[in-house]
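Working notes, structure below.
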Amino acid sequence: MTEPSHLTAILTAIRESYDTVAADYAEQVKRPGELDPLSRALLAAFAESVREDEEGRPVADLGCGPGFVTAHLAELGVPAFGVDVSPRMVEIARRTHPGLTFTVGSMTGLEIADGTLGGILAFYSVHHTPPEALPVVFAEFYRTLGPGGRLMLAGWVGDGERLRPAQAYGGHPVSYESHLLPAQRLVELLEQAGLVVTARVVQEPEEGRKRRIATLMARKAV
């Protein structure tokens, strides 16, 4: 599926920004084992749910970055592969995890056949998408998931803040934006796309942090 043309400039900014910060991001981002206990437990619960897929359909880690979480899912027995908009991130992921598959692609136009996925993980990867474009992304989630397929979406939430950082990992210049929507709004958009939200967990900020984290579990009806 081809990405909508009006998103090209936004995707270019995200792609170029993450290409720029990729090496420092891979050094600085937490590994799955360094996450807080609840986040680790939720990833484990997602892995367990998709392992129940009798057809053994693959699981896509969308916005996989350097592939650390993709590899963690594989260690948990999940047939996972990664997709990221940044070629530099994909290059690092392939080098770091040579036994797994990583491809360059956009969540707004996935090169994945209809109904072929057993699960999708979107781990801190949709907040750069403008709210008006999230229906496109969530429609892609619905299209590519097979009947009964699972979704785990996790990331920062807020009250509709629009953040425009000038620099990111390693002090490199970036041109992407972040959009922090309320968790309830994300639930509504997922449901409008046809997905059934089965659980929601909102974590209050840890000491020294400002942002809440929401994790949403959903599935495509059988």
Side-chain angles (χ1 to χ4, degrees), residues 1 3 7 10-11 14-15 18 25 29-30 32 35 39-40 42-47 49-50 57-74 76 78 80-86 89-90 93 102-112 116-131 133-146 149-158 176 178-183 185-203 211-220:
M1 184 174 177
E3 68 187 31
L7 293 176
I10 295 168
L11 292 170
I14 298 170
R15 181 180 300 113
Y18 275 103
Y25 181 98
V29 71
K30 288 183 178 181
L35 297 172
S39 294
R40 295 199 308 271
L42 290 168
L43 280 170
F46 171 71
S49 70
V50 296
R57 294 171 295 190
V59 173
D61 179 9
L62 302 181
C64 66
F68 299 135
V69 181
T70 320
H72 181 64
L73 290 178
L76 293 174
V78 173
F81 68 95
V83 179
D84 200 276
V85 74
S86 163
M89 285 289 195
V90 169
F102 297 94
T103 60
V104 177
S106 166
M107 288 185 284
T108 61
L110 294 166
E111 296 184 3
I112 298 173
T116 55
L117 296 178
I120 289 174
L121 175 66
F123 198 69
Y124 294 82
S125 59
V126 304
H127 60 279
H128 293 308
T129 304
L134 283 175
V136 175
V137 171
F138 294 166
E140 282 292 87
F141 291 0
Y142 182 87
R143 179 184 70 79
T144 56
L145 281 171
R150 304 279 184 166
L151 167 69
M152 175 176 166
L153 186 156
W156 297 288
V157 292
Y176 55 57
S178 292
H179 305 268
L180 307 185
L181 297 182
R185 180 57 180 153
L186 293 172
V187 169
E188 293 168 356
L189 290 170
L190 289 172
E191 291 178 339
Q192 288 170 15
L195 296 165
V196 179
V197 176
T198 58
R200 67 186 86 180
V201 178
V202 178
Q203 297 170 249
R211 308 294 177 193
R212 295 189 303 279
I213 298 169
T215 300
L216 306 176
M217 301 289 193
R219 70 182 305 177
K220 185 174 181 177

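Counting begins at 1 with the first residue of the sequence.
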Minimum heavy-atom distance between Val59 and Gly118, given as atom pair plus value: CG2-C, 4.4 Å
From Leu117 atom CG to Phe141 atom CZ, the distance as rounded to the nearest 0.5 Å: 10.5 Å
Under 3.5 Å donor-acceptor, Arg212 side chain and Val157 backbone: no
Nearest heavy atoms of Ala80 and Leu73, plus distance in Å: CB-CB, 4.0 Å
Non-neighbouring partners of Thr70 that pass side-chain hydrogen bond (donor to acceptor under 3.5 Å, both in side chains), sequence neighbours left out: Asp61
Residue pair Trp156 / Ser178, side-chain heavy-atom distance below 4.5 Å: no
Flag side-chain contact, heavy atom, 4.5 Å: Leu189 against Pro135: yes
His179 and Pro130, any side-chain heavy atoms less than 4.5 Å apart: yes
Neighbour count above 12 (heavy atom, 6.0 Å) for Phe81 CZ: yes
Heavy-atom side-chain contact between Leu35 and Phe123 under 4.5 Å: yes
Met217 side chain near Met152 side chain, heavy-atom distance below 4.5 Å: yes
Beyond-backbone contact of Ser39 with Gln203, side-chain heavy atoms, under 4.5 angstrom: yes
Donor-acceptor contact below 3.5 Å, side chain Asp84 vs main chain Val90: no
Gap separating the CG atom of Leu151 from the CZ atom of Phe46, nearest 0.5 angstrom: 7.0 Å
Closest non-hydrogen atom pair, Tyr142 against Gly194: CE1-O, 3.5 Å
Mutual orientation of the aromatic rings belonging to Tyr176 and His128 [parallel < 30°, tilted 30-60°, perpendicular > 60°]: tilted
Glu140 side chain reached by Thr108 side chain, heavy atoms, under 4.5 Å: no
4.5 Å side-chain heavy-atom contact, Glu111 and Val83: no
Main-chain N/O of Gly155 paired with Arg211 side-chain donor or acceptor, under 3.5 Å: no
